[in-house]
There are 2 protein chains.
Amino acid sequence: MARLTQGELKVMRLLWEHGEMKPAELQARYPEPIKNSALRSHLATLLEKGHVTRRLVGKAYFYRPTTRKRSAFRTMLGELVDAYCGGSIENLVMNIIRSEKLSEDDLIALRRLADAEGEPPPPAGGGGRKR
Amino acid sequence: MARLTQGELKVMRLLWEHGEMKPAELQARYPEPIKNSALRSHLATLLEKGHVTRRLVGKAYFYRPTTRKRSAFRTMLGELVDAYCGGSIENLVMNIIRSEKLSEDDLIALRRLADAEGEPPPPAGGGGRKR
DNA sequence: CCCGATGTGCGGTACTGTCTGCACATCGAG
DNA sequence: CTCGATGTGCAGACAGTACCGCACATCGGG
């Protein structure tokens, strides 16, 4: 999918978070004050690019995201990884762990997560995976 | 620092990777074929924004990055984390581990890394931290 | 001296992202 | 009915991005 611009992203985040909405509600929830027409302009481009659809309810349109958050996330993540981490996700994670400050608890949680993911599938019954 | 555009980023990546260069060399290494004038146009904006400096050597300018790769990385990482992970880096890492496919070896390396970072400073003598 | 190679400055075009204004339709209250 | 509130479509201003071409300067070889 194509890159989301800053303005488009702000709208999408609201839709992902709160679901279907009409322009006035999006306007009210927009992080900064924004004119209704400006916001609708963003919606128009999102509609054109296919990131949202809308349906008429009474006299107002309700907008709903079609692009999934996870998909957009992956796109941006891919860009970042290509640009700064030689295309390797592992490299990215290493970078973050090494350079960003993660708390003790985070690292413990991380370790647990890595254990859970890394463990071979239990040979029998009980142990369910997290996903 | 301000957001780098796609074209600017491509130039900066070359400079980060290979160091000081003149336009013709950048042009030769540019991922796609690009006209010399187009490339110099990007350099001009980078210069204007202060992401690179140049010095005259003979009759040609050599361009050198002033913005650090790590700094640009953090900017983009921050955007991504804000937009998709509720502002929490830990959340980002969890997301990646859970959803991207990391190999067994990666997870092992990760676990080791988490251990190394997470361990309390040794009470005496020898052990230096990595950073 | 002339010429091609190399490099520079500058201007110009096309498209995108963001934001604005205005005209028009609909509906309920007075 | 008239009016304000709410909602829509559209046209366009405006800065920034990406790209391109042309004119000019310099240098070394024939």
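Each chain gets a letter, A, B and so on, in the order the sequences are listed, and its residues count up from 1.
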Gap between atoms [atom1] and [atom2], on [X] and [N] respectively (whole Å):
{"X": "A/Glu32", "N": "C/dT20", "atom1": "CD", "atom2": "P", "answer": "12 Å"}
{"X": "A/Lys35", "N": "D/dT8", "atom1": "NZ", "atom2": "P", "answer": "17 Å"}
{"X": "B/Lys10", "N": "D/dA18", "atom1": "NZ", "atom2": "P", "answer": "9 Å"}
{"X": "B/Ile34", "N": "D/dA18", "atom1": "CD1", "atom2": "C1'", "answer": "8 Å"}
{"X": "A/Arg55", "N": "D/dT8", "atom1": "CZ", "atom2": "P", "answer": "13 Å"}
{"X": "A/Tyr30", "N": "C/dT18", "atom1": "OH", "atom2": "P", "answer": "8 Å"}
{"X": "A/Glu8", "N": "C/dT18", "atom1": "CD", "atom2": "C1'", "answer": "10 Å"}
{"X": "B/Leu9", "N": "D/dG16", "atom1": "CG", "atom2": "P", "answer": "20 Å"}

Which pairs with one or both residues in [range] pass side-chain hydrogen bond (donor to acceptor under 3.5 Å, both in side chains), sequence neighbours excluded?
{"range": "residues 27-40 of chain A", "answer": "A/Lys10-A/Glu32, A/Gln27-A/Asn36, A/Asn36-A/Arg40"}
{"range": "residues 16-25 of chain B", "answer": "B/Glu20-B/Arg55"}
{"range": "residues 75-85 of chain A", "answer": "none"}

Contact list (N/O, under 3.5 angstrom) for nucleotides 14-16 of chain C vs protein:
none

Exercise for the section: Would you kindly compare B/Thr45 and B/Pro33 by the position of their nearest DNA chain D nucleotide and give the one closer to the 5′ end? Expected result: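 With B/Thr45 and B/Pro33 compared, the 5'-side residue is B/Thr45.
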Practice task
Classify every nucleotide of nucleotides 4-13 of chain C by which part a protein heavy atom approaches to under 4.0 Å, writing B for the base, S for the sugar-phosphate alone and - for neither, in 5'-to-3' order.
Solution key: --BSBB----
Excluding sequence neighbours, so at least two apart, what forms side chain to side chain donor-acceptor pair (under 3.5 Å) with [X]?
{"X": "A/Lys49", "result": "A/Glu8"}
{"X": "A/Arg68", "result": "none"}
{"X": "A/Thr66", "result": "none"}

Exercise for the section: Measure the CG-CZ distance between B/Asn95 and A/Arg74 for me, rounded to the nearest 0.5 Å. Expected result: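 Separation between the atoms: 9.5 Å.
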Practice task
State which residues pass side chain to side chain contact (heavy atoms under 4.5 Å, CB included) with A/Ser88; sequence neighbours excluded, sorted by chain then number.
Solution key: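 For A/Ser88 the side chain to side chain contact (heavy atoms under 4.5 Å, CB included) partners, ignoring immediate neighbours, are A/Glu90, A/Asn91.
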Exercise for the section: Not counting sequence neighbours, which residues clear side chain to side chain contact (heavy atoms under 4.5 Å, CB included) with B/Thr67? List them please. Expected result: B/Met1, B/Met12, B/His51, B/Ser71
Exercise for the section: Verify the contact: side-chain N or O of B/His42 to OP1 or OP2 of D/dC19, cut-off strictly under 4.0 Å; return yes or no. Expected result: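 Answer yes for this pair, as a side-chain N or O of B/His42 is under 4.0 Å from OP1 or OP2.
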Practice task
Please test B/Leu9 against B/Thr5 for side chain to side chain contact (heavy atoms under 4.5 Å, CB included), starting from the C-alpha separation and ending with a verdict.
Solution key: CA-CA 6 Å; B/Leu9 186 53; B/Thr5 67; over 6 Å; no
Exercise for the section: Identify all stems in which DNA chain D takes part, counting only runs of at least 3 consecutive pairs (Watson-Crick or G-U wobble, each distance under 3.5 Å), and give each as one range with another, ordered by first number. Expected result: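 C:1-30 with D:1-30 - these are the stems of 3 or more pairs that involve DNA chain D.
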Problem - Partners meeting salt bridge (Lys or Arg N to Asp or Glu O under 4.0 Å) with A/Lys69 (sequence neighbours left out) - result: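 Salt bridge (Lys or Arg N to Asp or Glu O under 4.0 Å) list for A/Lys69, sorted by chain: empty.
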